Amino acid sequence: MTVTATAPSDSPPRAGWDDLTAELDAWATAGRTATLWWRDDDAVEPTPALDRMITLSVETGAPLALAVIPAGVTDALAPVVDAAPTVTVLQHGWSHANHAAPPAKKAELGADRPTATVLAELAEGRSLLERRFGPRALPVLVPPWNRVAPGVVAALPGAGFAGLSVFGPRRVSTVNMMCVNTHLDPVAWKDGKRFLGDTESLGMAVAHLRARRRGAVDAEEAAGLLTHHLAMDGETWAFTARFLNVTRRHPAARWLPADTLFAAEGLR
């Protein structure tokens, strides 16, 4: 089984659109398919940005896994999800509140509180999402800030969770659950939430795809695109659309829905 909680790199590798195509060509030459998936974080209510994200998913046919914050979700979000056949729901912590004491990095599911307290909140969130979204809500946890204490991870299967998603290539662990992470985040969080840029964003994607193809990381883990519909400027939106379209057109690339990715561990 697999678990990781790696933060996006401060100095990601660099690549261009031709490099992305060349890497996918290499997969095709090897007779292999490069699987990808898409996770968008911080959903609580319908907004123009969320509508735009869902429309992009529907238009490109790329399935969208929407990480929803249970404590903040509104009744109005459920019909929006119901109307979008390409969208599934994951659980984004409980309230996306930081409980880490400075100068530690932000974390809601860290070791700063008793594990039992954290699990009780997560269980309440799980129940809430199931009531709101029915079978669209998967028992998959997305920790806010992609950080989660090992003790919480170890207890997740007993709390009804079958999956976990953070950032970075997954690592082997003894935890009895499926972990499918994200590997490409085009937002420069430490620089005003601007677009990171084509070369650095594509560098993350190409680096993970190449490492998978060469066996340097788990070759079975789909490459994950991470977006945040509420924190994207025009350039980030344009990059996301182009990345989806370029990969969708390549015969060696295949976008997978979250329920398929996590089904190997009996998600349903």
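Worth saying up front: this structure is predicted, and the values here are computed from it rather than measured. The basis for the numbers below is simple: all heavy atoms, side chains too, and nothing from hydrogens, waters or symmetry mates.
Applying the side chain to side chain contact (heavy atoms under 4.5 Å, CB included) test between Leu226 and each of Leu184, Val187, Asn146, Asp40 identifies Asn146 as the sole match.
Hydrophobic cluster membership is shared by Leu36 and Trp17, with clusters built from Ile, Leu, Val, Met, Phe, Trp and Tyr side chains linked at under 4.5 angstrom. If you chain together hydrophobic residues whose side chains sit under 4.5 Å apart, Leu244 and Met204 fall into the same group. Clustering ILVMFWY residues whenever any of their side-chain heavy atoms sit less than 4.5 angstrom apart, transitively, puts Phe133 in a cluster other than the one holding Ile69. Both Leu64 and Leu77 are part of a single hydrophobic cluster, where members link through side-chain heavy atoms under 4.5 Å apart. No continuous path of hydrophobic side-chain contacts links Val217 to Val206 [ILVMFWY only; heavy atoms under 4.5 Å].
Within the 4.5 Å cutoff, the side chain of Val68 has no heavy atoms near those of the Leu90 side chain. By the 4.5 Å heavy-atom criterion applied to side chains, Val152 and Pro143 are not counted as neighbours. With contacts defined as side-chain heavy-atom distances shorter than 4.5 Å, the pair Met178/Val180 qualifies. The closest side-chain heavy-atom distance from Thr74 to Val44 is not below 4.5 Å. No side-chain heavy atom of Val142 sits under 4.5 Å from any side-chain heavy atom of Gln91. The shortest distance between side-chain heavy atoms of Met232 and Leu230 does not fall below 4.5 Å. Under the 4.5 Å side-chain criterion, counting only non-hydrogen atoms from C-beta, Thr260 is not in contact with Trp37. Side-chain contact between His228 and Met53 is absent, with no heavy atoms from C-beta onward closer than 4.5 Å.
The backbone N or O of Trp94 lies less than 3.5 Å from a partner atom in the side chain of Glu108, making a donor-acceptor pair. A distance-only check finds no donor-acceptor pair linking the side chain of Asn181 to the backbone of Ser165 [under 3.5 Å]. The closest donor-acceptor contact from the side chain of Thr33 to the backbone of Ala253 lies at 3.5 Å or more, if one exists at all.
Taken to the nearest 0.5 Å, the CG atom of Leu24 stands 4.5 Å off from the NE2 atom of His250. Between Leu129 atom CG and Arg136 atom CZ the span is 14.0 Å, to the nearest 0.5 Å. Taken from CG in Leu202 to CD in Glu23, the straight-line distance is 12.0 Å, to the nearest 0.5 Å. To the nearest 0.5 Å, the span separating CZ on Arg214 from CG on Leu209 amounts to 11.5 Å. Note: Arg249 CZ to Thr60 OG1 = 11.0 Å, rounded to the nearest 0.5 Å. Here the straight-line distance linking atom CZ of Arg170 with atom OG1 of Thr182 works out to 12.5 Å at 0.5 Å rounding.
What you find for Pro63 and Pro257 is that their closest heavy atoms are CB-CA, 3.5 Å. The two residues Pro169 and His208 have their closest heavy-atom pair at CG-CD2, 4.2 Å. Taking every heavy atom of both residues into account, Asn98 and Ala107 meet most closely at OD1-N, 3.0 Å. The minimum heavy-atom distance linking Ala62 with Ser57 is given by the pair O-OG, 2.6 Å. When all heavy atoms of Ala49 and Trp237 are compared, the closest pair comes out as O-CH2, 3.4 Å. Heavy-atom minimum distance, Ala101 versus Asp112: N-OD2, 3.6 Å.
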- [ ] Apply side chain to side chain contact (heavy atoms under 4.5 Å, CB included) to Leu156 and Leu122, showing your working.
- [x] CA-CA 9 Å; Leu156 290 177; Leu122 292 178; 4.0 Å; yes
Open item on the list: Run His96 and Trp145 through ring-ring contact (aromatic ring centres under 6.0 Å, His included) and show every step you take.
Closed with: CA-CA 8 Å; His96 211 299; Trp145 297 286; 4.4 Å; yes
Open item on the list: salt bridge (charged side-chain N to carboxylate O under 4.0 Å, His left out) for Arg132 and Asp75? Distances and angles first, verdict last.
Closed with: CA-CA 7 Å; Arg132 291 281 176 88; Asp75 291 337; 3.1 Å; yes
TODO: Report the C-alpha distance between Arg212 and Asp218 in whole Å, list the side-chain angles of each, state the deciding distance to 0.1 Å, and finish with yes or no for side chain to side chain contact (heavy atoms under 4.5 Å, CB included).
DONE: CA-CA 6 Å; Arg212 285 177 61 194; Asp218 189 341; over 6 Å; no
TODO: Test salt bridge (charged side-chain N to carboxylate O under 4.0 Å, His left out) on Arg52 and Glu59 and set out the steps.
DONE: CA-CA 10 Å; Arg52 182 177 181 180; Glu59 289 179 348; over 6 Å; no
TODO: Take Arg126 and Leu128 through the test side chain to side chain contact (heavy atoms under 4.5 Å, CB included) and record every step on the way to the result.
DONE: CA-CA 5 Å; Arg126 178 85 235 111; Leu128 189 155; over 6 Å; no
Open item on the list: side chain to side chain contact (heavy atoms under 4.5 Å, CB included) for Val166 and Arg147? Distances and angles first, verdict last.
Closed with: CA-CA 7 Å; Val166 288; Arg147 300 187 184 103; over 6 Å; no
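No donor-acceptor contact under 3.5 angstrom links the side chains of Thr240 and Thr227, judged on distance only. Judged purely by distance below 3.5 Å, without hydrogens or angles, the side chains of Asp42 and His229 never pair a donor atom with an acceptor atom. Side-chain N/O atoms of Trp255 and Thr247 include a donor and acceptor closer than 3.5 Å. Remark: the Asp18 side chain and the Thr21 side chain contain no N/O donor-acceptor pair separated by less than 3.5 Å.
Between Phe243 and Phe239, the ring-plane angle classifies as parallel under the 30° and 60° cut-offs. Note: His183 and Phe167 have tilted aromatic rings, judged against thresholds of 30 and 60 degrees for the angle between ring planes.
Around the CZ atom of Arg248, the shell of radius 6.0 Å holds more than 12 heavy atoms that belong to other residues, nucleotides or ligands.
Applying the salt bridge (Lys or Arg N to Asp or Glu O under 4.0 Å) test to Asp41 and every residue at least two apart in sequence or in another chain returns Arg39.
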